[in-house]
Amino acid sequence: MEMNNWKKILTPYTQAVEELKIKFKGMRNEYINLDEYSPIEFVTGRVKKISSILEKAKKKSIPLDQVEEKMEDIAGIRIMCQFVEDIYKVREIIRSRHDMYVVEERDYINNLKPSGYRSYHIIIKYPVQTAQGEKLVFAEIQIRTLAMNFWATIEHSLRYKYKQNMPEHIQERLNKAAEAAHLLDQEMAEIREEVLKSQQGFQAESNVVADIFGNVQALAKTNEQEEMNDIYEMFWSLWEEGNVDKLNQFNKELEDKIRQVYQM
Ligand code: 0O2
Ligand code: 0O2
């Protein structure tokens, strides 16, 4: 294949990765803005490097003019979750969407790989709008917990370093580490409810504080300095107290004031 052909081939994959990242990050933001727990912690994505595509094509005997139909992970999205349970929530969300089509699922959580690798893989077909019209491209979505990601990231770099010759003692350590990561996920599942409650309290507080700041700014445009000073003082004392209900009540009062001022 000609070299400059690669650029043309990879363009829709780059587009797919960018769009999918925005969609999954947007999903997280939606939960956060509603003061709800987000099953998505963070999202990354990449287009496979040409050198990796060539290597994989060789390993799997894929003719280079068939990589688009046969290689499913040229576009790769990775979704990190706090808890194993969240992975299945994300899976349901992906299955129910109408802007991507699930073509295959690989459960390396219940069927972990011999290396110790755990993750949930979903292969999708994703429609990209190109100048030549719609193009359906494969994308691989890897869904994993933070612990799974920690392990996989380190294992991946070691495997890259040693290629086929991973020393036995390192392989053993990696197996132990995989077991430890698995235990960590199990432990976390046990205290999930507790963790959720405290995180949500924190999120609710930071959201109401952001709302209050916005409202104070709006009021500052029309109100007398003296009245604003009272408002600032009230805010600081409530903030120090740290009671989310009281902060919410205070925010409601600010909203009433704004409605009066702007006659909404
Ligand atoms: P924030 O809120 O600024 O952290 P882009 O620049 O958007 O094209 P991308 O994919 O966002 O590229 O960048 P990258 O380097 O792949 O990282 C993806 C996001 O994951 C980044 O956030 C990182 O901060 C975040 N991230 C990476 N590792 C961790 C981690 O261990 N924990 C958490 N919570 N986040 C991590 P953003 O999107 O730049 O936003
Ligand atoms: P990259 O670009 O380096 O991430 P395979 O035959 O295993 O190569 P297959 O069967 O097409 O690939 O797909 P699979 O195994 O479902 O998913 C392949 C991807 O999953 C890999 O991409 C890794 O990102 C991840 N993965 C699979 N097994 C392991 C493992 O043992 N350790 C780590 N760290 N990651 C794994 P690539 O091909 O490595 O590409």
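Indexing begins at 1, ligand by ligand and atom by atom, following the structure's order.
- Among residues two or more places apart in sequence or in another chain, the side chain to side chain donor-acceptor pair (under 3.5 Å) test is passed with Lys125 by none.
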Steps toward side chain to side chain donor-acceptor pair (under 3.5 Å) verdict (Tyr37, Gln203):
CA-CA 9 Å; Tyr37 171 75; Gln203 188 57 48; over 6 Å; no
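- With no hydrogens or angles considered, a side-chain donor-acceptor pair links Arg144 and Tyr117 at under 3.5 Å.
- Geometrically, Lys21 does not engage Phe24 in a cation-pi contact defined by less than 6.0 Å to the ring centre and at most 45° from the axis.
- By the ring-ring contact (aromatic ring centres under 6.0 Å, His included) test, His182 pairs with no residue at all, sequence neighbours left out.
- Taking the side chain to side chain donor-acceptor pair (under 3.5 Å) definition, one finds that Asp99 meets it with Lys23, Arg97, sequence neighbours left out.
- Contact residues of ligand 2 (protein heavy atom closer than 4.0 angstrom to a ligand atom; sorted by chain and number): Arg46, Lys48, Lys56, Lys59, Lys60, Asp73, Arg78, Arg106, Tyr108, Lys113, Ser115, Tyr117, His121, Glu140, Gln142, Ala152, Glu155, His156, Arg159.
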